[in-house]
Trainee: 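Next up is a structure, given as structure tokens.
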Amino acid sequence: MIEFKDVSHRYQNGQDVLSRLSFSLAHGEMAFLTGASGAGKSTLLKAVAAMLRPSSGQVIVGGADLATIRGGRIATHRQRIGIIFQNFNLLHDRTVFDNVGLPLVIRGWRHQDIARRVRAALDAVELLGKERVYPLTLSGGEQQRVGIARAIVAKPDLLLADEPTGNLDPEMAQDIMGIFRRFNEVGVSVLVATHAIDLIRQLPYRLIHLEHGRLSEQGPVSHGDLHV
Ligand code: ADP
Ligand code: ADP
């Protein structure tokens, strides 16, 4: 699903944030990306989502070499990925329904089809019945579930999450990780950047650890091979 070959990245005036990284995430695999704040986890996820172009090396996602795709095909690439953020990134002046449906509105879907998909997405995160409420009336955990529903509403092959539980208490955090596991169980590839080590240590997934721009692997291998 994801393959990095010798990928390096430096921001202007900086040192290498990613340093000759090579790794892969198999189709249908779930893994956690760990590392201290500033280790480069967001940078790596942005490279996967084609939100930044690494300084060198090759990033291949879903068979597409991101260095060679341009313009409209970058938008299409991003549409195949669901992204979940630490701060939920919800629109506070729109209802839950409108937040979750937004990716489909952007694609020009018909209202009827949007409504069907939004309900299915809200059902998957156990928020059916909250369509008409505004995000700020919900708990943090519920807001993040709205963020997840928005990320999965277009049925992406790959979910990326950047510190999705960073603003949540441990119980809600565990709940959110459980939701990612359920999507993974039905075939979605999942890569979650987190430093909530206590939360994930006991889970049966690969931990890919980023330090000084380089990767090392810790913890169990679920399925698929890691090539570091
Ligand atoms: P993490 O997600 O692990 O906290 P990031 O990928 O956000 O790490 O950041 C890695 C390093 O790159 C940090 O030192 C950060 O300050 C720097 N950095 C991130 N984004 C930018 C940017 N747009 N311009 C310059 N430096 C950046
Ligand atoms: P995150 O929670 O993902 O680590 P940050 O708060 O570090 O986010 O960064 C927020 C935004 O600012 C991101 O888009 C990141 O790329 C950018 N950024 C982070 N560090 C720097 C930096 N040193 N210089 C410029 N932009 C940065």
Side-chain angles (χ1 to χ4, degrees), residues 1-25 29-61 65-67 69-70 74-75 77-78 81-90 140-141 143-144 147-148 150-151 156 158-170 172-174 176-177 179-180 183-184 189-201 203 205-219 226-228:
M1 188 74 226
I2 300 175
E3 189 165 11
F4 273 50
K5 290 183 185 167
D6 226 10
V7 173
S8 296
H9 188 69
R10 68 172 55 189
Y11 293 101
Q12 269 170 358
N13 311 323
Q15 49 186 10
D16 276 3
V17 173
L18 305 180
S19 183
R20 308 198 59 178
L21 293 190
S22 296
F23 83 102
S24 58
L25 183 81
E29 184 173 14
M30 173 158 167
F32 291 106
L33 181 63
T34 62
S37 182
K41 302 182 296 297
S42 295
T43 302
L44 187 153
L45 293 180
K46 284 175 185 169
V48 175
M51 292 161 74
L52 66 77
R53 192 170 287 248
S55 312
S56 65
Q58 212 177 9
V59 177
I60 300 165
V61 180
D65 181 343
L66 300 189
I69 68 170
R70 297 266 182 287
I74 293 180
H77 168 70
R78 285 191 197 134
I81 301 175
I83 306 181
I84 291 121
F85 305 90
Q86 175 170 356
N87 62 6
F88 321 138
N89 276 16
L90 301 175
Q143 290 183 51
Q144 188 55 294
I148 295 172
R150 180 185 53 194
L158 172 64
L159 280 182
L160 303 177
D162 195 351
E163 297 286 356
T165 64
N167 291 336
L168 303 178
D169 66 40
M172 285 178 173
Q174 210 150 26
I176 295 299
M177 292 304 186
I179 292 174
F180 291 132
F183 286 120
N184 177 247
S189 308
V190 182
L191 183 59
V192 179
T194 182
H195 45 236
I197 292 293
D198 291 341
L199 198 63
I200 62 175
R201 210 197 303 270
L203 299 179
Y205 300 98
R206 266 169 60 195
L207 299 190
I208 302 168
H209 187 70
L210 194 50
E211 195 172 354
H212 303 307
R214 295 175 183 280
L215 291 178
S216 60
E217 185 179 359
Q218 302 175 345
L226 175 69
H227 310 286
V228 176

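All heavy atoms count here, side chains included; hydrogens, waters and symmetry mates do not. For ligands, and for the atoms within them, numbers begin at 1 and follow the listed sequence.
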Trainee: Does ligand 1 come near enough to V17 that some N or O of the ligand is less than 3.5 Å from an N or O of the residue?
Mentor: no
Trainee: At the 4.0 Å heavy-atom cut-off, does G14 count as touching ligand 1?
Mentor: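 Checking ligand 1 against G14, which is what was asked, there is no heavy-atom contact under 4.0 Å.
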Trainee: Are any of the heavy atoms in G40 under 4.0 Å away from ligand 1?
Mentor: yes
Trainee: Just wondering, do N167 and Q143 contact through their side chains at under 4.5 Å, heavy atoms?
Mentor: no
Trainee: N/O of D162 under 3.5 Å from N/O of ligand 1, yes or no?
Mentor: no
Trainee: State the atoms of ligand 1, each with its element, that fall below the 4.0 Å cut-off from a heavy-atom position in A36.
Mentor: 3 (O)
Trainee: Would you call the rings of F4 and F23 parallel, tilted or perpendicular, taking 30° and 60° as the class edges?
Mentor: tilted
Trainee: Sequence neighbours left out, what passes salt bridge (charged side-chain N to carboxylate O under 4.0 Å, His left out) with R10? Give chain and number order.
Mentor: D16
Trainee: Looking only at non-hydrogen atoms, find the nearest pair between P156 and G82 and report the distance.
Mentor: CB-N, 3.5 Å
Trainee: Tell me every residue that passes salt bridge (charged side-chain N to carboxylate O under 4.0 Å, His left out) with R53, counting only those two or more places apart in sequence or in another chain.
Mentor: none
